[in-house]
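These numbers come from a predicted model, not from an experiment. Both ligands and their constituent atoms are indexed starting at 1 by order of listing.
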Amino acid sequence: MILELDCGNSFIKWRVIHVADAAIESGGIVDSDQALVAEVAALPSVRLTGCRIVSVRSEEETDALCALIAQAFAVQARVAHPAQELAGVRNGYDDYQRLGMDRWLAALGAFHLAKGACLVIDLGTAAKADFVAADGEHLGGYICPGMPLMRSQLRTHTRRIRYDDASAERALASLAPGRSTVEAVERGCVLMLQGFARTQLEQARALWGDDFAVFLTGGDAPLVKEAVPQARVVPDLVFVGLAMACPLD
Ligand SMILES: Nc1ncnc2c1ncn2[C@@H]1O[C@H](COP(=O)(O)OP(=O)(O)OP(=O)(O)O)[C@@H](O)[C@H]1O
Ligand SMILES: CC(C)(CO)[C@@H](O)C(=O)NCCC(=O)O
Ligand SMILES: [K+]
């Protein structure tokens, strides 16, 4: 079994999969390296033979995580690195090393699944969109604040926006105009995310007509799912790309 990690800016998503058939044994989401090791170590009858990682964190943080994993599970983690071209996809950045690895791997995964032009919308700490043409050319993309950043900017820079997580969750039962602060903020930010997604779809239509696939991923994908009914929701899209960039056997 191998351990797969997607280290985002706020959370680490992890999975343990079987090498032979890629069947998922277990998985989760944690907010620290220590919590990760604790959760994986607590799995009954799991013996890891390898590990692969994608990280958008600093090299120091990623190295520290690899060291921790080596110590806890006696495996040497493989870290995905930028590439100019992989699996028929050509990195569209002027400097290919600057493209976020989560975006690159999601683009690889999407093109692999779509076998044609595709739009990837990834809603995490940041909201990201990436475009890959039918010939595998990555055309670039967009980065905006995601739901957690929009919310916290409002809370930080205003005096009178204050509410707790439980009321935030309740507020999202509807998207009608808010009749309280929590409803107004939470629903407003969701509409921003949906607007982002719809605008990306318009861009893709202008480029490719109706001939493209849309993929939706990231922790906040459920918030825009209804606004983009044609999208395939693939929570593991980054892991699809990770397997392509770091084959282990
Ligand atoms: N079990 C969960 N734990 C934490 N966040 C969750 C969970 N399920 C959904 N979410 C939502 O996912 C969002 C974080 O998404 P994600 O995990 O994709 O971010 P990230 O990978 O840290 O960020 P980025 O990809 O931008 O670096 C949070 O805003 C939260 O609302
Ligand atoms: C945009 C984020 C922060 C999203 O996780 C990540 O992809 C990243 O750090 N990217 C580097 C900058 C870029 O992609 O242009
Ligand atoms: K991520």
Side-chain angles (χ1 to χ4, degrees), residues 4-15 26-33 35-36 39 53-62 65 79-84 89 91-110 120-132 138-155 163-173 182 185-194 196-197 200 215-225 231 233-242 245:
E4 296 186 317
L5 304 179
D6 171 7
C7 302
N9 284 289
S10 314
F11 298 101
I12 302 176
K13 271 95 28 181
W14 66 268
R15 304 198 312 189
S26 191
I29 174 164
V30 289
D31 62 5
S32 72
D33 295 6
L36 169 75
E39 280 195 9
I53 299 185
V54 51
S55 172
V56 294
R57 301 185 176 180
S58 69
E59 217 158 300
E60 295 72 34
E61 289 170 291
T62 308
L65 178 56
V79 179
H81 288 296
Q84 217 143 22
V89 183
N91 191 314
Y93 258 29
D94 296 331
D95 176 354
Y96 74 94
Q97 306 197 48
R98 298 278 170 186
L99 175 65
M101 282 305 293
D102 51 350
R103 296 175 54 198
W104 172 238
L105 295 187
L108 289 180
V120 180
I121 301 173
D122 182 348
L123 304 175
T125 307
K128 297 135 273 177
D130 278 280
F131 296 78
V132 183
H138 170 243
L139 305 179
Y142 299 91
I143 305 170
C144 292
M147 191 73 187
L149 288 182
M150 288 195 277
R151 194 186 264 140
S152 78
Q153 282 296 89
L154 282 167
R155 284 187 187 176
Y163 55 83
D164 57 74
D165 292 346
S167 49
E169 210 178 305
R170 278 195 304 275
L172 288 179
V182 62
V185 171
E186 289 295 311
R187 294 174 190 179
C189 292
V190 168
L191 292 184
M192 292 277 282
L193 272 194
Q194 294 189 346
F196 174 79
Q200 303 310 326
F215 293 90
L216 202 50
T217 189
D220 284 324
L223 298 177
V224 312
K225 217 169 74 183
V233 181
V234 184
D236 292 346
L237 193 59
V238 171
F239 285 130
V240 175
L242 180 60

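The heavy-atom pair separating V185 from Y163 by the smallest distance is CG1-OH, 3.2 Å. Residues M101 and V56 come closest through the heavy atom pair N-CG1, 4.3 Å. Residues L65 and C7 come closest through the heavy atom pair CD2-SG, 3.4 Å. Counting all heavy atoms, side chain and backbone alike, Q97 lies closest to P82 at CA-CB, 3.9 Å.
Near G100, meaning under 4.0 Å from one of its heavy atoms, ligand 2 places the atoms 7 (O), 8 (C), 10 (N), 11 (C), 13 (C), 14 (O). For ligand 1 and K13, the ligand atoms under 4.0 Å from any heavy atom of the residue are 16 (P), 17 (O), 18 (O), 19 (O), 20 (P), 21 (O). Residue contact check: G218 has heavy atoms under 4.0 Å from atoms 18 (O) of ligand 1. Those atoms of ligand 1 with a heavy atom of A126 less than 4.0 angstrom away are 26 (O).
Looking at N9 against ligand 2, only its side chain comes within 4.0 Å, counting heavy atoms. Here D102 has side-chain heavy atoms under 4.0 Å from ligand 1, and that is the only part of it that gets that close. At a 4.0 Å heavy-atom cut-off, ligand 1 touches I29 through the side chain alone. Proximity of M101 to ligand 2, defined as any heavy-atom pair under 4.0 Å, is not found for any part of the residue.
For the pair Q194 (side chain) and L223 (backbone), a donor-acceptor distance under 3.5 Å is present.
Nearest to atom 5 (O) of ligand 2 by heavy-atom distance, out of L99, D102, D95, V56, is D102. Compare A221, G219, A168, G100 by their heavy atoms: the one nearest to atom 18 (O) of ligand 1 is in G219.
Remark: distances from the non-hydrogen atoms of P148 to ligand 1 include one below 4.0 Å.
The side chain to side chain contact (heavy atoms under 4.5 Å, CB included) test applied to E39 returns W14, V30, not counting sequence neighbours. Residues satisfying the side chain to side chain donor-acceptor pair (under 3.5 Å) criterion with D164, sequence neighbours excluded, are S167.
The shortest N/O to N/O separation between F11 and ligand 1 falls below 3.5 Å. Any N or O atom pair closer than 3.5 Å counts here, and K128 shares at least one such pair with ligand 1. Geometrically, ligand 1 and V56 share no nitrogen or oxygen pair separated by less than 3.5 Å.
Screening L36, V79, T62, V54 for a side chain to side chain contact (heavy atoms under 4.5 Å, CB included) with L5, the sole residue that qualifies is L36.
Ring pair Y93/H138 is tilted by interplanar angle, where 30° to 60° counts as tilted.
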